[in-house]
**Q** 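There's a structure below that I have some questions on.
In what follows, chains carry the letters A, B, and so on, assigned in the order in which the sequence lines appear, proteins first and then strands, with residues in each chain numbered from 1.
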Amino acid sequence: MNEKILVSVAWPYANSPLHLGQVAGAYLPPDIFARYHRLRGNDVLMVSGSDTHGTPITVTAEREGVEPGAVVERFHRSFLDTFVGLGFSFDLFTHTDTENHWEVTLRFFRRLLERGYVTKQTMQALYCEECHRFLADRYVEGTCPFCGYEDARGDQCDKCGKPLDALDLIKPRCKFSGDTPVVRDTEHFFLDLSQFNEPLKEWIADKDYWRTSVRNFSLGMLEEGLRPRAITRDISWGIPVPVEGYEDKRIYVWFDAVIGYLSASIEWARNRGTPDAWLDWWDPQRPARSYYFIGKDNTFFHTLIWPAMLLGYGDLRLPHDVPANEYLTLEGKKFSSSRNWAIWAPDYLSRYDPDPIRYYLTTHAPESSDSDFSWSEFLAANNNELVGTWGNLAHRILTFAYRNFEGRVPQPAELTAEDQAILDTTAEAFGPVAADIEACRFRAALARVMAVAREANRYLDVAAPWKALKVDRARAATAVFVTLRVVDSLTVLLAPFVPFGSEKLHATLGYDEPLFGTQEIVPYQEAERRHLGLTYHGVSQGVERWVPSALQPGQALREPSPAFKKLDDAIVEQELARLG
RNA sequence: GGCGACGUAGCUCAGUGGUAGAGCAGGGGACUCAUAAGCCCUUGGUCACUAGUUCAAAUCUAGUCGUCGCCA
């Protein structure tokens, strides 16, 4: 019985390219997870999209003197290309500026309103009389009440880093007109989270498999008690509030962004002509599991707010797990786009292959604490581990077999105890590696596989078919056969982590059908709007391929060439020079 | 200021009461099928600090310091 696995991935703001910190935290882990489940023959639905409605986007647009839509289009396209380049196998990567997403969001809003979970409240906000509009926090500048910095933004002080409320700024001024804004009352809709405090406590009570930081953080918030939270804003960019008298207001970006998981699932089903198919993952009466891959800054929205919204809406599946990651630092310091202390995914892909970074960011994944990216460590991990331990093992046995056994998998004679032992060791890895991946312990899973690769190197050194070939061809053939099977198994075990190299080795081993399907960027036309999406066309659906090798003697190999390449030591200096 | 996570070999991490572990890096060696890769041997730690509980603490308790995050 195939399992239905919903892989929900954080929605990136379409106002800058993706950097490696985001890749490590929120985008690579779900792809490993999804590819593993695809190999299992499970039905994966992996969705995400660009968040197009944030204030950061209007800030970027105004700075550049273009429409917000143009900013969105540019970075959405950038995300699509990055995901193709890194091999992130989204079933659908869409964005929030679609008719479908607006419909689903409004349906959500209306139902929560009808059920009394969304309520009206009057709050105070800064209003610029010169511009005739309310000012979003980021559109106000003034003196920081904590450190006295005079150019603090309304949402956060760049000097001391503290989050601010624009109302607390001393001597506030409008970012556009420079005028001093006035405090005005404004009515907004609030999601009354307090009604969900107890239901959420009950729901989290049995989530003992969540990461400790995620669970403790969520329980702590519930202990403090959740408060109503505004879900509309006085801005013009976003989804209009569907209530008379509120035409000038928009739904606050965080509210519609989380709904994207649902709307993207619905869009995916429609795009493929099976409009109800999304229910297989979302109907709580049917068997399925949902996972939300995010960075730790998003935990609150995914373990509390989104579940509250789902409880309020009803008849939808709540998250099974939210494996939030900590942060990645770069050469010991925080990523900072303004100081150019960042590695942008498009830049990386313009110079290097995807597998090395996938490998590095998995072995150094910020799963339990912050971790660091360093170019010298990256180089070492690629050259010593990915290439040295694994790539070389695969290459040496493939070239040896190709040259000495007529390009075919040789016929083995009787297996020795050593032959059987390495085959057993390899076969026995499938279970524990699967368990690690299913528990979202990707770093541990990969380490376990690499331990098998090292064991296989030791086996091959002892078996030494290059020596046996001269005195006992049958023994050499057997050792080559055994090693090829081990390499075949390792190719599958490593496929979720380094899919490009595994795909190449899989073909070299003589298989005609690929391990994975293909990605495609597709234009989707709605009634009036058109958008680009990334989708995935699977292969061998429903077939379990997470199994030890059954490579058959006589299978024709393809001419081997290295699946992974060494990187020149000089790149460390070159890349460090690009930073800062 | 409150809460939480983390702090173990140069680096990345495992280890939750019983004589400190792995991978990578560093040093030495034998080999040569292979991307000068792989294999064997090896150096290296007062387990952040202090006090306590215990026959016994990296592991439990209290406190201190540091890093990160959330909240105020």
**Q** Describe the nucleic acid contact of A/Ser376 in one word from base, sugar-phosphate, nothing, applying a heavy-atom distance below 4.0 Å.
**A**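 No contact at all - A/Ser376 keeps every heavy atom at 4.0 Å or more from the nucleic acid.
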**Q** Classify A/Arg403 by what it touches in the nucleic acid, base, sugar-phosphate, or nothing, heavy-atom distance under 4.0 Å.
**A**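 Answer is sugar-phosphate: A/Arg403 comes under 4.0 Å of backbone atoms only.
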**Q** In whole Å, what separates the P atom of B/C24 from that of B/G38?
**A**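 After rounding to an integer number of Å, I get 8 Å for this pair.
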**Q** Determine whether the aromatic ring of A/Trp466 stacks with the base of B/C33, defined as ring centroids separated by less than 5.5 Å and ring planes inclined by less than 30°.
**A**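 Here A/Trp466 meets both the 5.5 Å and the 30° conditions.
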**Q** What nucleotide, of B/C39, B/U35, B/C70, holds the atom closest to the side chain of A/His395?
**A**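 Between B/C39, B/U35, B/C70, the one nearest the side chain of A/His395 would be B/U35.
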**Q** Tell me which nucleotide, if any, is Watson-Crick or G-U wobble paired with B/A36 when both distances must be under 3.5 Å.
**A**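 Result: none.
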**Q** Output the rounded distance in Å from CZ (A/Arg211) to P (B/C68).
**A**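 Atom-to-atom, A/Arg211 to B/C68, this comes out as 21 Å.
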**Q** Just compare B/A37, B/C71, B/A14 and give me whichever is closest to any side-chain atom of A/Lys566.
**A**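 Of the candidates, B/A37 comes closest.
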**Q** What integer number of Å spans the P atoms of B/G28 and B/U43?
**A**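 So the two P atoms sit 14 Å from each other.
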**Q** May I ask you to say what A/Glu326 touches in the nucleic acid, namely base, sugar-phosphate or nothing, with a heavy-atom cut-off under 4.0 Å?
**A**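 It contacts nothing in the nucleic acid.
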**Q** Under 4.0 Å, counting only non-hydrogen atoms across every strand here, what does A/Ala463 touch: a base, just sugar-phosphate, or nothing?
**A**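 Since no nucleic acid heavy atom lies under 4.0 Å of A/Ala463, the category is nothing.
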**Q** Could you tell me which nucleotide pairs with B/C60 by Watson-Crick or G-U wobble geometry, both distances under 3.5 Å, or answer none if nothing does?
**A**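 Looking at the geometry, B/C60 pairs with B/G52.
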**Q** Starting the side chain at C-beta, find the nucleotide from B/A14, B/C39, B/U35 nearest to A/Arg454.
**A**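 The answer is B/C39, which lies nearest to the side chain.
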**Q** A/Ser213 side chain: which of B/A34, B/A5, B/C6 is closest?
**A**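 When the side chain of A/Ser213 is considered, B/A5 is the closest of B/A34, B/A5, B/C6.
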**Q** Does A/Phe293 reach the side chain of A/Ser8, with side-chain heavy atoms less than 4.5 Å apart?
**A**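 Side-chain contact under 4.5 Å: no.
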**Q** Using a cut-off of 4.0 Å on non-hydrogen atoms, how would the nucleic acid contact of A/Tyr327 be classed: base, sugar-phosphate, or nothing?
**A**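 Answer is sugar-phosphate: A/Tyr327 comes under 4.0 Å of backbone atoms only.
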**Q** If you compare every side-chain N and O of A/Lys296 against the phosphate oxygens of B/A5 (OP1, OP2), does one of them come in below 4.0 Å?
**A**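 Negative; the distance criterion is not met.
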**Q** Closest approach to the side chain of A/Val387, judged atom by atom: which nucleotide of B/C71, B/C40, B/U35 is it?
**A**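 Comparing B/C71, B/C40, B/U35 against the side chain of A/Val387, the answer is B/U35.
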**Q** Have a look at A/Ser371 and say if it touches a base, only the backbone sugar-phosphate, or nothing, with a 4.0 Å heavy-atom cut-off.
**A**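 Result for A/Ser371 = sugar-phosphate.
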**Q** For residues A/Tyr359 and A/Phe497, establish whether the separation of their ring centroids is below 6.0 Å.
**A**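 Ring-ring flag for A/Tyr359/A/Phe497: false, centres at least 6.0 Å apart.
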**Q** Taking a pair as Watson-Crick or G-U wobble with both distances under 3.5 Å, which nucleotide is matched to B/G4?
**A**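 Here B/G4 is engaged in a pair, and the nucleotide opposite it is B/C68.
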**Q** Please indicate whether A/Arg227 has more than 12 foreign heavy atoms, meaning atoms of other residues, nucleotides or ligands, lying under 6.0 Å from its CZ.
**A**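 Check fails, neighbour count at 12 or below.
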**Q** Pick the C1' atom in B/A9 and in B/G17, then give their distance to the nearest Å.
**A**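 After rounding to an integer number of Å, I get 23 Å for this pair.
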**Q** Round to the nearest Å and state the distance from A/Met450 atom CE to B/A14 atom P.
**A**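 My rounded result for the distance is 18 Å.
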**Q** In whole angstrom, give me the gap between the C1' atoms of B/G10 and B/U19.
**A**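 About 26 Å, rounded to a whole number of Å.
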**Q** Please evaluate the base of B/G38 for a donor-acceptor partner in the side chain of A/Asn392 within a cut-off of under 3.5 Å?
**A**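 Answer no: no donor N or O sits under 3.5 Å from an acceptor.
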**Q** Using the rule given for side chain to side chain donor-acceptor pair (under 3.5 Å), can you reason through A/Asn298 versus A/Tyr292, listing the C-alpha separation, both sets of side-chain angles and the distance that settles it, and then say yes or no?
**A** CA-CA 10 Å; A/Asn298 254 323; A/Tyr292 290 73; over 6 Å; no
**Q** Between B/G23, B/A14, B/C40, which one does the side chain of A/Ser368 approach most closely?
**A**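 The closest nucleotide is B/A14.
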**Q** List the steps, then state whether side chain to side chain donor-acceptor pair (under 3.5 Å) holds for A/Glu377 with A/His364.
**A** CA-CA 10 Å; A/Glu377 292 263 325; A/His364 290 68; 3.3 Å; yes
**Q** Taking pairing as Watson-Crick or G-U wobble with both contacts under 3.5 Å, can you name the mate of B/G23, or confirm there isn't one?
**A**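 Pair assignment: B/G23 / B/C11.
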**Q** Pick the P atom in B/U16 and in B/G21, then give their distance to the nearest Å.
**A**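 Per the computed distance, 14 Å lies between those P atoms.
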**Q** For A/Leu226 and B/C70, what is the distance between atoms CG and P respectively, to the nearest whole Å?
**A**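 Nearest whole value for this atom pair: 17 Å.
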**Q** Base, sugar-phosphate alone, or nothing: which one does A/Thr299 contact when heavy atoms must sit under 4.0 Å apart?
**A**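 Touches nothing.
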**Q** Tell me whether the OP1 or OP2 atom of B/A25 has a side-chain N or O from A/Asn384 closer than 4.0 Å.
**A**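 Looking at the OP1 and OP2 atoms of B/A25, one of them is under 4.0 Å from a side-chain N or O of A/Asn384.
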**Q** With nearest nucleotide decided by heavy atoms, which residue, A/Arg443 or A/Thr389, maps closer to the 5′ end of RNA chain B?
**A**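 Final value for this comparison: A/Arg443.
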**Q** If you check the A/Phe217 side chain, which of B/C70, B/C13, B/C24 turns out closest?
**A**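 Given the options B/C70, B/C13, B/C24, the side chain of A/Phe217 is closest to B/C70.
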**Q** OP1 or OP2 of B/G69 versus the side-chain N and O atoms of A/Lys334: is any pair under 4.0 Å?
**A**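 It does, given that an N or O in the side chain of A/Lys334 lies less than 4.0 Å from OP1 or OP2 of B/G69.
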**Q** Do A/Trp210 and A/Trp203 have ring centres separated by under 6.0 Å?
**A**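 Yes, ring centres under 6.0 Å apart.
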**Q** Can you check the A/Leu386 CG to B/U35 C1' distance for me, whole Å?
**A**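 Roughly 12 Å, once rounded to whole Å.
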**Q** Please report, rounded to the nearest Å, how far the C1' atom of B/C71 is from the CD1 atom of A/Ile305.
**A**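 Taking atom C1' of B/C71 as the reference, CD1 of A/Ile305 is at 14 Å.
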**Q** With RNA chain B as reference, determine whether A/Ile397 or A/Asp297 sits nearer its 5' end, using the nearest nucleotide of each.
**A**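 Mapping each residue to its closest nucleotide by heavy atoms, the 5'-most match is A/Ile397.
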**Q** Between B/C39 and B/A25, how far apart are the two P atoms, rounded to whole Å?
**A**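 Looking at atom P only, B/C39 and B/A25 are 10 Å apart.
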**Q** Counting only distance, no hydrogens or angles, is the base of B/A5 paired donor-acceptor with the side chain of A/Asn216 under 3.5 Å?
**A**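 Side chain to base: no pair present.
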**Q** Say you pick atom C1' in B/C65 and the same atom in B/A48; how far apart are they, in whole Å?
**A**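 Rounded to whole Å, the distance is 8 Å.
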**Q** When you check the phosphate oxygens OP1 and OP2 of B/G4, does a side-chain N or O of A/Arg215 lie under 4.0 Å from one of them?
**A**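 False: A/Arg215 side-chain N/O out of range (4.0 Å or more) of B/G4 OP1/OP2.
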**Q** Respond yes when some side-chain nitrogen or oxygen of A/Arg227 is under 4.0 Å from OP1 or OP2 of B/A72, and no when none is.
**A**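 So the side-chain polar atoms of A/Arg227 do come within 4.0 Å of the phosphate oxygens OP1 or OP2 of B/A72, strictly under.
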**Q** Can you tell me how far P in B/U8 sits from the matching atom in B/C49, rounded to whole Å?
**A**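 That atom pair is separated by 10 Å.
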**Q** With both distances under 3.5 angstrom, what nucleotide forms a Watson-Crick or G-U wobble pair with B/G44?
**A**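 For B/G44, the partner nucleotide comes out as none, under the 3.5 Å rule.
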**Q** Tell me whether the rings of A/Trp375 and A/Phe373 are parallel (<30°), tilted (30 to 60°) or perpendicular (>60°).
**A**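 Ring orientation of A/Trp375 relative to A/Phe373: perpendicular.
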**Q** Does a side-chain N or O from A/Arg441 land closer than 4.0 Å to OP1 or OP2 of B/A14, or not?
**A**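 No, because none of the side-chain N or O atoms of A/Arg441 sits under 4.0 Å from OP1 or OP2 of B/A14.
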**Q** Determine, step by step, whether A/Gln555 and A/Tyr511 satisfy the side chain to side chain donor-acceptor pair (under 3.5 Å) criterion, reporting the C-alpha distance in whole Å, the side-chain angles of both residues, the deciding distance to 0.1 Å, and the verdict.
**A** CA-CA 8 Å; A/Gln555 177 155 308; A/Tyr511 294 103; 4.7 Å; no
**Q** Can you sort out the partners of A/Lys296 under salt bridge (charged side-chain N to carboxylate O under 4.0 Å, His left out), two or more places apart, ordered by chain and number?
**A**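 For A/Lys296, the residues satisfying salt bridge (charged side-chain N to carboxylate O under 4.0 Å, His left out) (neighbours in sequence not counted) are A/Glu326, A/Asp370.
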**Q** Pick base, sugar-phosphate or nothing for A/Gly220, based on heavy-atom distances below 4.0 Å to the nucleic acid.
**A**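 Counting heavy atoms under 4.0 Å across all strands, no contact is made by A/Gly220.
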